[in-house]
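Single-structure report; data block below.
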Amino acid sequence: MIDAYLSELQQVIHRQFCQQLQTQAISLGDIKFQAPPQPDLGEFCIPCFPFAKMLGKNPNEVARLAAQNFVGHPYIQEIQAVGPYLNVKVHRDQFARILCLNILQKQQEFGRSNEGQGVRVMIEYSSPNTNKPLHIGHVRNNLIGMALANIFEFCGYALIKSNLINDRGIHICKSLFVYRKWHPEIESPESIGMKGDHLVGKFYVEFENALRNEREAYAQKKGIDLRRFHKDYAKDLKQRIRDAKDPVEKQKLNQELQQLQQESDAFEEEFLANSEYYQAAMELLRRWEQEDPEVRRDWQKLDQWVIAGFQETYRILGCKFDKIYRESQTYMLGKEHVLDGLNRGIFYRKEDGSIWVSAQRLMEIDPEGFKGFPLKDKVLLRGDGTSVYITQDIGTAILKAQEYNLQRSIYVVASEQALHFKTLFAILKLLGFAWAPGCYHAAYGMVTLPKGMGKIKSREGTAVDADDLIAEMKERAKEKMTEENLRVPEEQVEQISLDIALAALKVFILQVSNEKDLQFDPTQTIAFTGDTGPAIQYSYARIQSIFRKAAEQNIPWPAESQVDYSLLKSPEEFALIRQLWEFPEIIKTITRTYNIGLLVNYLLALTKTYASVYTEHPVLRAETESLRAARLILAKATAQVIHNGMALLGVQVPERM
RNA sequence: GUCCCCAUAGCUCAGUUGGAUAGAGCAUCAGACUUCUAAUCUGAGGGCCGCAGGUUCGAAUCCUGCUGGGGACGCCA
């Protein structure tokens with residue numbers, strides 16, 4: 001209905017342009033509506049610059065001519081040239097009527113489209129390592145993944161949500177080592193009152209601490225000052241190189257930096273070769289690959305502890321998956337295809353038996369992507385036949401395509417892995433998979449702490465833990481709820497305080513553009529006032545409260561088709577109606593741009609508009625019954641759009657708060 | 001060294017395909033609750049959109065260079 005309205009509008013304006021300017025150069029698709037900056041200018045506008053270029057005329061002239069001799073139309077009140085713009089004012093009552101009828105009829109389906117019909121898309125997200133609990137960085141990943149999945153689904157795509165569990169590798173064996181060596185007495189996480197993923201994460205931190213102590217002792221024995229190998233020292237040196245004016249001095253410093261790096265690498269290599277703990281972990285890895293039953297048994301035990309912990313966090317965050325892949329199960333397929341590529345002459349083998357893809361090959365298949373990059377050859381399989389990170393990703397990608405016949409395959413993974421995915425996709429193209437160009441890395445920036453608070457490092461246990469964060473915010477929401485008078489039934493307090501906490505967290509995180517780093521201050525956690533999730537929920541809850549009061553007062557629910565929409569003529573109310581119109585278009589844009597922030601900011605702006613409507617134009621105290629009816633319908637439509645938008649973000653909207 | 005991302009109000013951030021006077025929130029100041037939920041609203045102040053060129057009728061947005069911040073360039077994942 002809305003589409004039909006817009007398409008009619010487009011045709012009328014197109015005809016007007018063609019007739020008035022006596023041209024056939026303008027196609028229907030050239031008529032693109034925008035929202036004017038001021039509402040009193042009209043509901044839609046068309047900038048005339050492109051037509052001016054096409055016709056060799058002044059844009060003001062084009063707009064002026066286009067506005068002349070308009071015969072009128074049932075949808076359009078008037079068209080008007082303002083400078084180089086043609087502004088369209090519609091009949092507002094009809095505009096409001098079509099919108100409200102549409103929303104109230106479609107309800108949860110309002111905004112749904114079928115633009116993705118027949119297209120099979122997989123979104124892989126979360127993809128945790130099974131050696132530590134989820135922290136705020138994973139939360140960002142999970143929220144982006146879920147929101148994208150919901151939105152693609154809503155736009156008619158056949159969408160599969162997948163999760164690749166990184167359950168093998170040296171880091172897993174580090175936790176495993178600590179468990180076997182130092183804590184074999186622990187029967188289960190429950191037995192010591194801990195969540196499984198937290199317990200295994202504790203093992204991991206313990207390992208890294210032990211390794212650090214061992215490294216320091218080793219350095220001391222060798223008379224080496226480790227501070228020289230610290231990242232900050234190199235950073236400081238780089239700064240001095242930049243600041244150096246004298247070229248001789250500069251070169252000297254450059255040499256020092258290079259030497260430092262060599263020394264540092266050499267030291268680390270030597271240390272690891274002599275490290276009791278690291279070697280023990282490596283030994284576990286080898287035994288794991290050889291399927292040593294004892295190691296596998298313990299690995300499986302810890303794996304189950306961690307996964308149970310993840311599932312709990314996923315349940316709270318609302319993450320769902322249609323398909324779970326495990327690195328331990330896909331790396332074999334990756335190996336097969338690497339060997340296949342070797343046989344077909346796409347890859348090559350070095351003397352030590354390792355298999356590689358050459359930089360030149362990569363460059364040839366994706367010259368744009370690797371432009372100017374002094375790319376190195378990339379190892380695909382170790383000499384001893386064991387796999388590396390990219391091996392399993394090759395296998396997983398192929399498995400996905402085989403199982404689901406995908407047109408698009410989206411990877412929600414941190415932007416630090418950009419080169420890895422560029423390489424992966426190029427390799428898939430080299431192997432000749434027709435679906436390879438449909439792969440896309442939906443990258444997002446790091447979550448950082450404010451200046452002076454250091455960095456988030458799960459290795460050192462300084463990460464902001466996802467469970468702790470949610471629990472803390474839930475407590476604060478509960479406090480806020482009970483501060484004045486509690487409007488929520490006692491038995492719902494737990495659930496609603498959690499819903500509010502999650503709304504705050506999700507809106508806060510999804511508001512920031514994916515590619516940007518996100519600064520997170522754990523000491524302040526997240527606010528509940530202003531541009532926040534709870535503010536959106538609050539708008540919804542207030543509307544529901546109006547409906548409850550209306551029912552208490554035995555006010556009959558109006559039939560939306562009988563309402564006099566011309567009564568909704570205040571600037572605030574009409575601004576709200578204009579904004580509600582935008583919703584379906586916003587959703588579609590996100591499948592093109594991956595910019596979830598569009599939806600978040602839309603909902604914030606919408607509820608801000610609604611808040612002023614709420615204070616200035618009361619529903620139940622409206623001057624007349626017919627005005628009250630119109631406002632009830634508008635409130636209903638607003639609540640529905642808030643509900644639908646928040647659902648796509650994975651946020652619940654409570655009836656009371 | 002090379003490549004990628006980022007730089008917008010004191011702070012945190014929006015700004016879709018280049019379009020009319022660059023917007024929110026927080027913080028500051030001044031107002032509004034016997035009223036459908038004040039987790040709210042109304043108003044004020046606050047900007048060389050990092051710097052310098054270029055393309056264009058038009059640039060926060062595109063191109064080039066520079067500065068600053070982050071990341072990547074592992075037989076780690």
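Both A:N514 and A:P36 sit near RNA chain B, but only A:N514 has its closest nucleotide nearer the 5' end. Comparing A:T607 and A:Q417 by the nucleotide of RNA chain B that holds the closest heavy atom to each, the one mapping nearer the 5' end is A:T607.
Counting any heavy atom pair closer than 4.0 Å across all strands shown, A:S545 reaches a base atom. Using a 4.0 Å heavy-atom distance criterion, A:L620 is classed as a base contact. Counting non-hydrogen atoms under 4.0 angstrom, A:A611 reaches the backbone sugars and phosphates but no base. Among the heavy atoms of the strands, none lies under 4.0 Å from A:P47. Residue A:I500 is classed as a base contact, given a heavy-atom separation below 4.0 Å to a base. Within 4.0 Å of A:V388, counting heavy atoms only, lie sugar-phosphate atoms of the nucleic acid but no base atom. Within the nucleic acid shown, A:T532 has no heavy atom closer than 4.0 Å to any nucleic acid atom. A:K422 comes within 4.0 angstrom of nothing in the nucleic acid, heavy atoms only. Residue-level contact check: A:M657 touches the bases, meaning some heavy atom is under 4.0 Å from a base atom.
The gap from the P atom of B:U8 to that of B:U21 amounts to 24 Å, rounded to the nearest Å. Rounded to the nearest Å, the gap between the P atom of B:G15 and that of B:C62 is 13 Å. Nucleotides B:G50 and B:C5 place their C1' atoms 16 Å apart, quoted to the nearest Å. If you take atom P in B:U12 and the same atom in B:A27, they sit 15 Å apart, rounded to whole Å. B:G54 and B:U61 have their P atoms separated by 14 Å, given to the nearest Å. B:A38 and B:C33 have their P atoms separated by 12 Å, given to the nearest Å. The same atom, C1', is picked in B:C75 and in B:C66; the two are 39 Å apart, to the nearest Å. Separating the C1' atom of B:G45 from that of B:A39 is a span of 26 Å, rounded to the nearest Å.
For the pair A:D393 CG and B:C76 P, the interatomic distance rounds to 15 Å; values are reported in whole Å. Atom CD1 in A:I586 sits about 11 Å away from atom P in B:G15, given to the nearest Å. Distance, A:Y540 OH to B:A39 P: 19 Å, rounded to whole Å. Here B:C76 presents its C1' atom at 13 Å from CG of A:L211, a figure rounded to the nearest Å. The separation between A:Q34 atom CD and B:U16 atom P is 11 Å, rounded to whole Å. The separation between A:Y614 atom OH and B:A38 atom C1' is 10 Å, rounded to whole Å. Distance CZ (A:R548) to P (B:U37): 8 Å, rounded to an integer number of Å.
Here the side chain of A:K516 is nearest to one of B:U8, B:U35, B:A38, namely B:U8. Taking every side-chain heavy atom of A:E515 into account, B:C5 is the closest of B:U40, B:C75, B:C5. Taking every side-chain heavy atom of A:T589 into account, B:U16 is the closest of B:A77, B:U16, B:C36.
Ionic pairing of A:R286 and A:E289 is not present here: no N-O contact between side-chain nitrogen and carboxylate oxygen is shorter than 4.0 angstrom. Ion pairing between a basic and an acidic side chain is recognised when a charged N comes within 4.0 Å of a carboxylate O; A:E479 and A:R476 show no such pairing.
By the 4.5 Å heavy-atom criterion applied to side chains, A:I587 and A:P584 are not counted as neighbours. Side-chain contact between A:P450 and A:Q519: present, with at least one pair of heavy atoms (C-beta onward) separated by less than 4.5 Å. A:V619 places none of its side-chain heavy atoms less than 4.5 Å from the side chain of A:F547.
A donor and an acceptor atom sit less than 3.5 Å apart, one in the side chain of A:N87 and one in the base of B:A20. For A:D352 against B:C75, a side-chain N or O and a base N or O form a donor-acceptor pair under 3.5 Å.
The backbone N or O of A:L260 sits nowhere less than 3.5 Å from a side-chain atom of A:S264 that would complete a donor-acceptor pair. A donor-acceptor pair under 3.5 Å links the side-chain atoms of A:T609 to the main chain of A:A605, judged by distance alone.
Between A:S415 and B:A72, a side-chain N or O to OP1/OP2 separation shorter than 4.0 Å is absent.
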